[in-house]
Structures are given as C-alpha cells and as structure tokens.
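Following: one structure in structure tokens, then a few remarks.
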There are 2 protein chains.
Amino acid sequence: MKRSLADRIEQYLKVLIERSEDKQIEIQRSELAETFDCVPSQVTYVISTRFTEMEGYFTESRRGGKGYVRISRYHLENGGSTVRKELVAFIDELLQEDELTTSQSDLLRHLVSYGFMDMPPEHRIRLFKHLRKLLVDYVNMD
Amino acid sequence: MKRSLADRIEQYLKVLIERSEDKQIEIQRSELAETFDCVPSQVTYVISTRFTEMEGYFTESRRGGKGYVRISRYHLENGGSTVRKELVAFIDELLQEDELTTSQSDLLRHLVSYGFMDMPPEHRIRLFKHLRKLLVDYVNMD
DNA sequence: AACAGATAGTCAATAAAGGTCAAAGAGGGG
DNA sequence: CCCCTCTTTGACCTTTATTGACTATCTGTT
C-alpha cells in the first residue's frame, strides 16, 4: 500500500483540521506546495477530490496578495440534521406527487443536503422550516 | 490566519462601526492612512471593496478642508434588496447559459423573491451569498 | 471672485496569490 | 499487454492587493 503524494497531503490536512479548535484551517496553497515539494495545482487537486461537500467539508478561498484556502469540516449529524432529513424527505414526497420535476428536486436536494453547514443550528432549523413553507406555497401556486 | 493590510483596515473600521452608537462613523482618509502607514488610496480601496451596498453599508464623503468619509451600516429593509436583485440576476444568467432549466430557475426565483422577507438583513445577505455559491457548485457538478 | 491649501477620488501599473485545463505518467485489473 | 482511472505537472488565466501620479472638489482668505 504505497501512499501517493495526494494521499499524504490529504492526511496532513486532515490531521491539521482535527487538531484545530474549530475544525477549520487556513492554508496558503503555494506554501503547502513548497512543503511537499510539488506544484501548487497539486494542492488544488487534493482539495477538490478529497475535501468535497459530500465528504462533509466546505472550502473557501481568496486569490491575490495574502490569498488563502480555508477548509472547514462539518458534522453532518449534529443539530439540525433531523430537520434536514425531514426536508429532504418532503422534497422527495413532492417529487413522487409530481409537484416538482426531477431537475427541481435534484437541485433542491443538493442545496439542502450540502448547504448551510456553517449556520448556527437554530438558524438552520428556522431556515429549513421556512424553506418548507416556501415550497408549499410554490407548488400550490398554479 | 495571516491578514493583509486591507483586511486589517477593514477589521478596524468594522469594530469602530459596531462600537458606535448609531452604527455610523466618520473618518479622515489621510489620517487613517497614516495610522496604517499606507497610501490614502488604500483606504479608498478598502472602502469600495468591503463597505459596498451589497455588504449592507452606505458611504458618503466630502473633499477639501475638513473632508471626511462617513460609513453607515444600515439595519432595515434597505439592506437586502440589492443582494436579492443580484441573486435573481445571477439565476437568470445561469438560465441564459443553459446551466439551469426553466423549471429550476422559476423555482429559485420564486424562493429568492418571496422568501426570507422576515430575516434580519445581515443574515439574509449571508444567506444569499451562500446560495449563490451553492448554485455555482451545483452547476459545476455534472 | 480668485487663489491657495487641504482633502478625497480615479486609474493604471505591478505584484501576489489561487484556479483551470489538458497532457503526460503511473498503477492495477482483466 | 491493454485499458481505465487516478495522479502529477506546467502553461496560462483570473482575482485581489498595493502604490503612486494625476484629478476633482471643498474651505477659507484676500
């Protein structure tokens, strides 16, 4: 089991994240590339393949002077996840009842599943309830 | 978390604004530049990129003797509408580029146009920016 | 009213990041 | 050995920050 460079960079970042206070780190792409003696785009590759929203990570970045890449990990299972599941279930229901098209429900499911991770749970709960109401409004419009 | 000069000036101003009685401050561009040991136009740069209407700020200024720059953060309904319009415009753009179907953009436009009315503007601004990013992610998924 | 001095604004050049994309390389399974 | 997928690299692109020369607009004085 020979670990690739990408694997090692991934591991390195994950250790940093787990050790951090708020499960969130900020790195400089070029600096990290230098540490691992590779091209900067390798770092981009690692981040885009191993720190996706599907894996529970959220990334932001800024270019230009003093640029950075911030990676945050979210707990998919804590506060609000019940509400999240309920909302996803509701979207599926609307799809079953032909109140939404497949493309609409795909989009919504994506937004609801992977978005709003960085909100405080109370806000997220309120937001999801609000969203549900908005959806009801929408499908009852015609 | 290394900060650029622009970041530090931004932070400084935001603290002043939050501490102020009426969420409004008046500064002298050249004086602030001296404080941060930079050229005055740096201050202009910070203000024009970080204290925009979209971010919920409003600025006025006067040149000449006793000149000033006034920055106000607004609280009420003014706040969200620029961001809302911007997001709707972005959705339309995605539709034009065939990144979204008509049914998807209709749904989104409805949610964005009629929802979130009762949220505090600061939250709404963040939410809309977040939504925009989620949409970008979604259309780039394939 | 004209002028002088004091401010703030504009704009373009330059630097300093990160992003994109496609081609080449490396491994592994059939 | 061939093919497929994942990795690595590098040339080129976009965004953001910093600086300074030049411009515009006030205020106060003569």
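Everything numeric here is computed off the predicted structure, so don't read it as measured data. Below, chain A is the first sequence line, B the second, and so on; all start at residue 1.
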Are any non-hydrogen side-chain atoms of B:Gln28 and B:Val69 less than 4.5 angstrom apart? no
For A:Arg70 and C:dG18, what is the distance between atoms CZ and P respectively, to the nearest whole Å? 13 Å
Let me know the distance between NZ of B:Lys133 and C1' of C:dG19, rounded to the nearest Å. 13 Å
How would you label the contact of A:Gly67 with the nucleic acid (heavy atoms, under 4.0 Å): base, sugar-phosphate, or nothing? sugar-phosphate
From CZ of B:Arg29 across to P of D:dA24 the rounded distance in Å is 15 Å
Measure from the side chain of A:Cys38, starting at C-beta and using heavy atoms only, and say which of C:dT7, D:dT7, D:dT9 lies closest. D:dT9
Using a strict cut-off of less than 4.0 Å between a Lys/Arg side-chain nitrogen and an Asp/Glu carboxylate oxygen, indicate whether A:Glu86 and A:Arg132 qualify as a salt bridge. no
Is any side-chain nitrogen or oxygen of A:Thr49 closer than 4.0 Å to OP1 or OP2 of D:dC6? no
Round to a whole Å and report the spacing from CD of B:Glu60 to P of C:dG9. 12 Å
Kindly say if A:Ser41 contacts the phosphate of C:dG18, meaning a side-chain N or O under 4.0 Å from OP1 or OP2. no
Rounded to the nearest angstrom, tell me the gap between atom CG in A:Asp37 and atom P in D:dT7. 19 Å
Under 4.0 Å between a side-chain N or O of B:Arg50 and OP1 or OP2 of D:dA17? yes
Answer yes or no: is there an ion pair linking A:Lys14 with A:Glu10, defined by an N-O contact shorter than 4.0 Å? yes
Whole-Å distance separating the OH atom of A:Tyr45 from the P atom of D:dT5: 13 Å
Does this structure show an ion pair linking B:Asp22 with B:Arg73, if we count only N-O contacts that are shorter than 4.0 Å? no
What about A:Thr44, does its side chain sit under 3.5 Å from the base of C:dG19 through a donor-acceptor pair? no
Answer yes or no: are there more than 12 heavy-atom neighbours, outside A:Phe90 itself, under 6.0 Å from its atom CZ? yes
note: B:Glu31, atom CD; C:dA8, atom C1'; distance rounded to Å ~ 14 Å
Between the base of D:dT14 and the side chain of A:Arg63, is there any donor-acceptor pair under 3.5 Å? yes
Considering only heavy side-chain atoms of A:Val69, the closest of C:dG19, D:dT18, C:dT10 is C:dG19
Is A:Arg62 near enough to D:dA17 that one of its side-chain N or O atoms lies under 4.0 angstrom from OP1 or OP2? yes
Rounded off to whole Å, could you give me the CZ-to-P distance for the B:Arg8 and D:dT16 pair? 19 Å
